[in-house]
Each structure stands twice: as structure tokens, then as C-alpha cells.
Amino acid sequence: MKGFLYALLTLLLFASCLSKHEVLQNPRVSRRPPPVHRPGKEAPRPDKETTRPPAPATSTSGYDYIEQYKAIAIAEMNRYGIPASIKLAQALLESGNGNSTLAREANNHFGIKCTPEWAGKKAYQDDDYRDDCFRVYQHAEESFKDHSQFLLRKRYAALFELDKDDYRGWARGLKAAGYATNPRYADLLINLIERYQLHQYDRPESQNEKRQREEVVQTEIVENKPEELQVAEAKAPVRIDIHEVKQGDTLAAIARKYGMSTGDVMDLNGLKTESLFVGQLILVSQ
């Protein structure tokens with residue numbers, strides 16, 4: 001009996017050794033099963049590359065504004081040849097990304113003033129004089145179209161001979177024609193265009209297309225000539241007050257300097273926080 005038990009024990013030991021050997025040698029057996037995701041425990045996520053790094057010199061409000069009005073800017077460019085990038089940059093500057101009082105309450109994104117023949121609604125705000133009269137538009141798009149009409153004047157006629165994707169030429173030409181009093185106006189426009197890559201909305205044109213467009217534009221300029229004095233009075237050179245952030249500046253200090261509240265400055269520039277960086281351009285006029 002003892003011999004039988006001894007033999008049985010030896011046989012079981014031998015079988016166990018064979019099983020371990022198979023586990024070590026058989027790859028199908030040795031491969032570990034994949035980890036099972038347990039409910040309530042977050043599975044590891046693969047690293048993702050950032051598709052577009054955040055640009056420190058821009059604001060969410062600026063991107064939203066561009067997205068909302070780029071279509072009308074492109075349409076006006078195709079009609080008259082004013083680069084869409086220029087129109088958008090001017091609107092960003094003059095309306096404070098659509099946050100200015102005139103933009104919010106009057107849909108006036110370019111500061112166009114009233115003229116005697118203006119039959120629409122009016123808004124009054126201190127500017128060159130106390131209670132200056134500004135045009136009120138039913139929709140912001142009307143302001144963009146009226147801005148094109150304002151530029152169809154002899155004073156700006158030379159600009160329409162430029163290519164409609166020459167935003168640098170337009171920026172410098174507007175300053176040279178006296179559109180704005182700020183000596184850095186052209187640089188401000190170019191800076192905005194390149195910072196937000198607004199030139200992606202500009203379209204080149206063939207020489208034949210350019211010639212046809214110029215004929216239409218010059219005809220409209222001649223027809224508008226009798227009204228030029230009134231329209232010039234309706235839009236004095238733009239006074240855009242921009243503060244360039246220096247080392248040590250705070251938003252509260254900038255607001256105090258220009259007689260504004262911190263909240264007003266944040267609203268005007270579409271800022272979500274009070275953090276600033278050196279070289280940032282802050283709009284400080286409404």
C-alpha cells in the first residue's frame with residue numbers, strides 16, 4: 001500500500017512540473033491578458049498634441065468677433081476691393097472687439113456720425129463735442145456696409161488702386177489719408193491682422209478683375225463727390241486711445257490713469273482675467 005501511494009505522489013509531482021514547463025514555454029499561455037477597465041476608475045489616456053497653442057496676444061472675444069463678422073467683411077471686399085483683413089482690424093480697434101458702447105447699443109462698429117440727410121435712429125455720446133450724434137443701425141452688418149460707403153470718397157480713391165490683398169498698403173494709405181490721428185494707426189492695424197491672421201480672408205484678383213472693380217469703384221466715387229464734405233464731417237479722423245502695457249503695469253492702474261473702472265476696461269477689451277503681459281495693447285477709449 002505504501003508503494004502504491006509513493007508511486008501516485010511521484011506521478012502527481014511529475015505532472016505538476018510538466019504544467020509549469022508548458023506555462024513557461026508556450027507563448028499563448030505566458031502572454032498576460034490585457035488590463036480590464038474597472039467602472040469608476042479612469043482609464044489612462046494617451047498624450048495628445050496641442051493642435052493650436054494659445055496665442056497670448058489675443059482674446060477669446062477677438063476670435064468670436066472675427067468669426068461673427070468675417071462673412072460681411074469678405075462680401076464687402078469682393079464688392080469694392082477693401083481687404084477683409086483691413087475692415088476687420090479697423091472694426092476690432094474702433095469697437096473694442098464689439099464691446100464699445102456704440103457697438104453694443106447702436107450697432108455702430110466704426111463710429112460713423114450723423115449727417116443732415118441721415119433719416120435713421122440716432123445715439124448721442126461725448127466725442128469731439130458734448131453729445132455728438134452717431135448713427136444707429138438696425139444690424140451690425142449695416143455698419144460694415146456704411147463703412148465701405150464712407151471710404152468711397154476722393155480722399156481715399158488712391159487706395160482702391162491697390163490690390164485687394166495688399167493689407168499693408170491699405171493700412172499705411174489710411175494713415176496717410178488722415179483716417180486716424182494716432183501716429184501708430186497703420187502699425188496697430190498690421191499688428192492685429194498678423195496676430196489674428198486676418199489676411200487669410202483676403203483674396204487676390206486677376207488684372208482683368210481688378211480693372212473691372214476699379215471702374216465700378218471710381219464711378220461711385222465720382223457720383224458721391226457732392227456729398228464728400230458732409231460725409232467727411234460725419235467721420236472726423238479716428239481718435240483711438242491705446243495703452244501699450246509696460247513692465248509693472250496692472251489693469252487697475254491703467255484704468256485709473258484713463259478715468260475708467262477696471263470692469264470697464266475688461267469689458268471693452270473682452271478680457272476674462274486681469275492678467276497682462278508686456279507689449280499687450282489695451283483699448284482705453286469708448
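What you see is a predicted model; the values in this text were computed from it and never measured.
Closest approach of E215 and T219 over heavy atoms only: O-OG1, 2.8 Å. A pairwise comparison of heavy atoms in S95 and A103 identifies CB-CB, 3.9 Å as the closest pair. Closest heavy-atom contact between F144 and E76: O-OE1, 4.2 Å. Residues A255 and V265 come closest through the heavy atom pair CB-CG2, 3.8 Å. Between A123 and A106 the shortest heavy-atom distance is CB-CB, 4.3 Å. Considering every non-hydrogen atom in both S275 and Q280, the closest pair reads O-OE1, 4.2 Å.
The distance from the CG atom of L188 to the CZ atom of R195 is 9.0 Å, given to the nearest 0.5 Å. Within the model, atoms CD1 of I82 and OG of S148 stand 4.0 Å from one another, a figure rounded to the nearest 0.5 Å. Atom OG1 in T101 sits 11.5 Å away from atom CG in N108 (nearest 0.5 Å). Taking OH from Y201 and CE from M77, the interatomic distance works out to 11.5 Å, rounded to the nearest 0.5 Å. Atom CD1 of I112 and atom CD of E142 lie 13.0 Å apart (nearest 0.5 Å). Here OH of Y65 is found 7.5 Å from CG of L88. Values are rounded to the nearest 0.5 Å.
At least one side-chain heavy atom of Q149 sits under 4.5 Å from a side-chain heavy atom of L152. Side-chain contact between L92 and L198 is present, with at least one heavy-atom pair separated by less than 4.5 Å. Looking at heavy atoms from C-beta onward, K257 lies in side-chain contact with H243 at the 4.5 angstrom threshold. L174 is listed as a side-chain neighbour of Y156, based on a closest heavy-atom distance under 4.5 Å. Looking at T273 and L251, their side chains never come closer than 4.5 Å, going by heavy atoms from C-beta outward. Using a 4.5 Å heavy-atom cutoff, the side chains of K164 and Y80 are not in contact. Looking only at side-chain heavy atoms (C-beta outward), I72 and K145 come within less than 4.5 Å of each other. Looking only at side-chain heavy atoms (C-beta outward), F160 and E214 stay at 4.5 Å or farther from each other.
Counting only N and O atoms by type, the side chains of Q68 and Y63 include no donor and acceptor under 3.5 Å apart. Side chain to side chain, Q90 and H147 meet the donor-acceptor criterion of an N or O pair below 3.5 Å. Judged by distance alone, the side chains of D146 and Y137 do bring a donor and an acceptor atom under 3.5 Å apart. With hydrogens and angles left out, the side-chain atoms of S85 and D202 include a donor and acceptor closer than 3.5 Å.
Between D165 and R203 there is no salt bridge, since none of the side-chain N atoms of the basic residue sits less than 4.0 Å from a carboxylate O of the acidic one.
Exactly one residue among I86, I193, I190 makes a side-chain contact (heavy atoms from CB on, under 4.5 Å) with W170. That residue is I86. Only one option out of R172, H199, E194 pairs with Y167 in a side chain to side chain donor-acceptor pair (under 3.5 Å); it is E194.
The hydrophobic clustering, which links ILVMFWY residues whose side-chain heavy atoms are closer than 4.5 Å, places V136 and W118 apart. Cluster annotation: Y258 is connected to I282 through the hydrophobic network of ILVMFWY side chains, with a link wherever side-chain heavy atoms come within less than 4.5 Å.
For D249 (side chain) and K246 (main-chain N/O), a donor-acceptor pair under 3.5 Å exists by modelled atom type. Proximity of a side-chain donor or acceptor of R155 to a complementary backbone N or O of G178 within less than 3.5 Å is detected. The backbone N or O of D166 sits nowhere less than 3.5 Å from a side-chain atom of D163 that would complete a donor-acceptor pair. Proximity of a side-chain donor or acceptor of D131 to a complementary backbone N or O of Q125 within less than 3.5 Å is not detected.
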Margin query: What verdict does the side chain to side chain contact (heavy atoms under 4.5 Å, CB included) test give for I254 and L276, after you've listed the backbone C-alpha separation in whole Å, the side-chain angles of each residue and the deciding distance to 0.1 Å?
Written below: CA-CA 11 Å; I254 294 172; L276 301 173; 3.8 Å; yes

Next item on the list: Please step through side chain to side chain contact (heavy atoms under 4.5 Å, CB included) for the pair E205 and R213, ending with a clear verdict.
Entry: CA-CA 10 Å; E205 58 188 344; R213 172 181 60 79; 2.7 Å; yes

